Amino acid sequence: MSLVEEIQKRKTFGIVSHPDAGKTTLTEKLLLFGGAIQVAGAVKSNKIKKAATSDFMEIERQRGISVATSVMAFPYRDHQVNILDTPGHKDFAEDTFRTLTAVDSVIVVIDVAKGVEEQTKKLVEVCRMRRTPIIVFINKLDREGRDAVDLLDEIEKKLAIHVTPLSWPIGMGQGFKGVYNIYEHKLVLFRPHSKQEEEDIIEIKDVHDLALDQHVGKRPADELRAELETVTAVYPPFDREKYLNGDVCPVFFGSAINNFGVKELLDCFIDIAPEPLPRETDERKVLPTENTFSGFVFKIHANIDPRHRDRIAFLRVCSGRFERNTNYYHVRQERMMKFSNPTSFMASRKEVIDDAWPGDIVGLYDSGNFNIGDSMTEGEKLHFKGIPRFSPEMFRRVINKDPMKTKQLNKGLDQLMDEGVAQMFVKELNNDKIIGTVGALQFDVIQYRLEHEYGAKCDYEPLSIHKACWIDADQGATLQAFIKRKTKDIAWDKDRKPVYLAESAWGLKMAQETFPDIRFHFTSEF
Ligand code: G4P
C-alpha cells in the first residue's frame, strides 16, 4: 500500500470528558465494535480518578495498567482507528493537554444530567485553540437529564463552540425510546443492554412517515417531529469543511453503557473525521505525505517495574514511514539512533512492529534518551510545536532528607521531570529546586517514586507562588537587567529558560507595569 493510502486509512483521536461522564465506557464500547476486545470491563485505565488522593500505591498500580491502554488501535471498515487515552484525573490535566497534540480530532463526552463541567471546559478550550475538530457525544440518555435544546444551548455558550445535532433523542430516562439519526435518516430504537440488532434500526427518510408512530408511539413521534422542525430551523445543516476547521461540532446522543448510539457515532466518525493532519514545526509545516520520516515524543511512561528503569516514549509519526532497525536522527541530542523493538498497541496487546505510518503511535523503549517534545527525523532539524508547558498552580521547595543520596535525588528528579510528571525550576539565587504541579497528587507521586525507584528521600516546603511566567525581551540587556533586579524571584526551567516566580497576582501586575519591555508568558511556548 502506498504512503497516501496508508494515511487515508488512519484516524487518530482522543476521547475527553469530565470524570464520570462515561469516557471509559465509551472507549470500551468502541473497542467492542472494533472487535479489539471481546468482553466489557477490559478498559480500566482512568480509574485513577477513583483512588483517594493519598492512595499513590493504587496510582502506581494503575499507571502500569495505563501503559497498555494508553493507545488502542483497531481496524474498522477498512480504516485503522487509533484511540489515545487521556487521564481523567484533573491533577493529570497537563498529560492530557500533551496527548491532545498527538491527535487529529477528539470526541467530547458530556453527561446529559450534568451538562458542561469544569474539566470539559478546559479541555475543549485547548482543542479550540488548536482548531482540533470535535464531535460531542451526549451520554446517559437512559437516565433523566436535561432538555436537549437547553443542553445544546449550554454547550454553545460555555464551550464557545457551534453545534449541529446529527441525532436527536426521543424521550429520556424511563421514557427513552431511541434516537432519530439525522445524519443517515434512520430511526434507532432503544433496548437497554442490547447489542443493538439490525431490526432496531429502521430506515425512515421522512419523519412524517407514519411508520414512526408505529415504532415509538404517536405522542413521542409528534414531539420528535416538532423538535426536529425547531432543530432544522435553529442549527445549520452539517458542513464537513466547517467541522474540519473546528468551526462546528456535530452532536450525537446515546447511552454508552447500553451500547446505544455508539455505532452511529463510530460510523459517522469514520466518514467525517480527519485523516492524519500536517504538523507545525518552528522551521516549517510538515505534511504527512512527505516521504521522509518525522515524528515527536508526546508522552513518556516509566515502566512499572522499579528494578528496571526502562521507560516507554510514545512517538507520533508525522510524516513518511517509520521502520524498525533503521537509523533516525534525534534532533535534540544531535545523534543517530535505531530501535530494534518498537511497539504498537493493538487493543491492549503490545506488539513489535516493522513499520508505522503517519497518525500511528509507536512505543519506543528508552533508557533516558527522550524528553517530551523531542523530534526524530531522517536528518532534518525540526522542532515540533504545540507541546507547551503551562504555568503550574502549586509550588513546593524540595528538601533533601538524605544528603548521602543527593546524586540519586537529582537523577530521579531530572528523570521524573523528563517524563512530564511535574516541572522543576532552579532558583537563580541559591539553586533551590522548586517543583510546580497542576494538582497535589503529583507531589505524592514524586515522593513515592523517588524513594522506590531511586532510593532517595525528599520532603517539601510549601511556597506561596502565584504563577511561574516565562520571560523574554527584545534586547538581551533588558532581560539581564530584569533578572538582576528580581534575582530572588528568578528561576530557570529545564531548558534553561528564565522564569519569573510571581508571589501574587498583584505582584505580577506591578512587575508588568514597572517593566513594560519585559514580556511575561504563561506557557513555555511563545
Ligand atoms: P469516565 O471514564 O468518564 O470517568 O466515566 P466512566 O466510563 O467510568 O463512567 C462513569 C460512571 O457512569 C460509571 O458508573 C458508568 O457505568 C456510568 N455510565 C457510563 N455510561 C452510562 C450510561 O450510558 N448510562 C448510565 N446510566 N450510566 C453510565 P460507576 O457506577 O461509577 O462505575 P462502574 O461501577 O459502573 O464501573
Side-chain angles (χ1 to χ4, degrees), residues 13-33 36-37 39-53 58-59 62-63 65-66 68-72 83-93 95-96 99-100 106-124 127 134-146 148 151 167 169-179 188-196 200 251-266 348 439 441:
F13 75 108
I15 304 181
V16 298
S17 76
H18 191 87
D20 275 343
K23 182 169 77 71
T24 311
T25 312
L26 179 64
T27 307
E28 192 167 276
K29 300 299 172 181
L30 291 173
L31 294 178
L32 279 169
F33 272 114
I37 54 169
V39 286
V43 182
K44 292 255 182 314
S45 60
N46 82 334
K47 293 291 172 188
I48 283 179
K49 68 188 161 66
K50 303 235 159 104
T53 318
E58 178 60 13
I59 293 160
Q62 298 288 3
R63 237 170 26 84
I65 296 168
S66 69
T69 50
S70 283
V71 184
M72 291 155 283
I83 307 183
L84 273 60
D85 192 29
T86 54
H89 199 293
K90 74 170 176 34
D91 287 8
F92 292 92
D95 217 8
T96 301
T99 298
L100 291 179
V106 300
I107 293 179
V108 176
V109 184
I110 290 174
D111 183 323
V112 68
K114 293 190 181 145
V116 174
E117 295 173 90
E118 203 44 45
Q119 201 61 0
T120 321
K121 250 167 88 175
K122 282 194 189 151
L123 293 164
V124 169
C127 295
I134 299 172
I135 297 179
V136 176
F137 182 75
I138 298 181
N139 191 27
K140 306 195 186 181
L141 264 288
D142 58 318
R143 283 198 188 156
E144 292 302 327
R146 309 255 302 271
L151 198 53
S167 77
I170 308 167
M172 190 182 286
Q174 292 283 336
F176 185 48
K177 302 272 184 222
V179 293
V188 190
L189 296 174
F190 174 65
R191 280 199 292 158
H193 297 285
S194 82
K195 229 183 148 263
Q196 209 178 310
D200 296 335
V251 179
F252 284 86
F253 292 85
S255 168
I257 196 103
N258 289 297
N259 222 345
F260 185 81
V262 179
K263 188 167 183 299
E264 284 73 47
L265 174 73
L266 180 58
S348 51
L441 201 53

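Note that the coordinates shown come from a computational prediction; the quantities given were computed from them, not determined experimentally. Every number for a ligand or one of its atoms is a count from 1 in the order of the listing. Residue numbers start at 1 and run along the sequence shown.
The heavy atom nearest to atom 7 (O) of ligand 1, out of those in T25, L141, N259, is found in T25. Of the candidates D20, I138, V262, the one placing a heavy atom closest to atom 1 (P) of ligand 1 is D20.
Contact atoms of ligand 1 toward K23: 1 (P), 2 (O), 3 (O), 5 (O), 7 (O) (distance under 4.0 Å to a heavy atom of the residue). Those atoms of ligand 1 with a heavy atom of A256 less than 4.0 angstrom away are 23 (O). For ligand 1 and S17, the ligand atoms under 4.0 Å from any heavy atom of the residue are 3 (O).
Side chain of T27 to backbone of K23: a donor-acceptor contact under 3.5 angstrom is found. Put simply, the side chain of H18 gets close to the backbone of Q119: a donor and an acceptor are under 3.5 Å apart.
In this structure, the separation between CD on E144 and CD on Q174 is 7.0 Å, given to the nearest 0.5 Å. Within the model, atoms CD1 of I83 and CD1 of I107 stand 7.5 Å from one another, a figure rounded to the nearest 0.5 Å.
For ligand 1, the polar-atom distance check against P19 finds no nitrogen or oxygen pair separated by under 3.5 Å. Below 3.5 Å of separation, one finds no N or O of G254 facing any N or O of ligand 1.
Heavy atoms of D142 found under 4.0 angstrom from ligand 1 belong exclusively to the side chain. The proximity of K140 to ligand 1, defined as any non-hydrogen pair under 4.0 Å, involves the side chain as well as the backbone. With a 4.0 Å cut-off on non-hydrogen atoms, S255 touches ligand 1 through its backbone as well as its side chain. At a heavy-atom cutoff of 4.0 Å, ligand 1 is contacted by no atom of V109, backbone or side chain.
Under a 4.0 Å heavy-atom criterion, N258 is not in contact with ligand 1.
For A21, the side chain to side chain contact (heavy atoms under 4.5 Å, CB included) criterion is met by S17, V109, D111, not counting sequence neighbours. The side-chain hydrogen bond (donor to acceptor under 3.5 Å, both in side chains) test applied to S255 returns D142, N258, not counting sequence neighbours.
Annotation: F253 is not in aromatic contact with F137 [ring centroid separation under 6.0 Å not met].
Between F190 and F176, the ring planes are tilted. Angles from 30° to 60° get that label.
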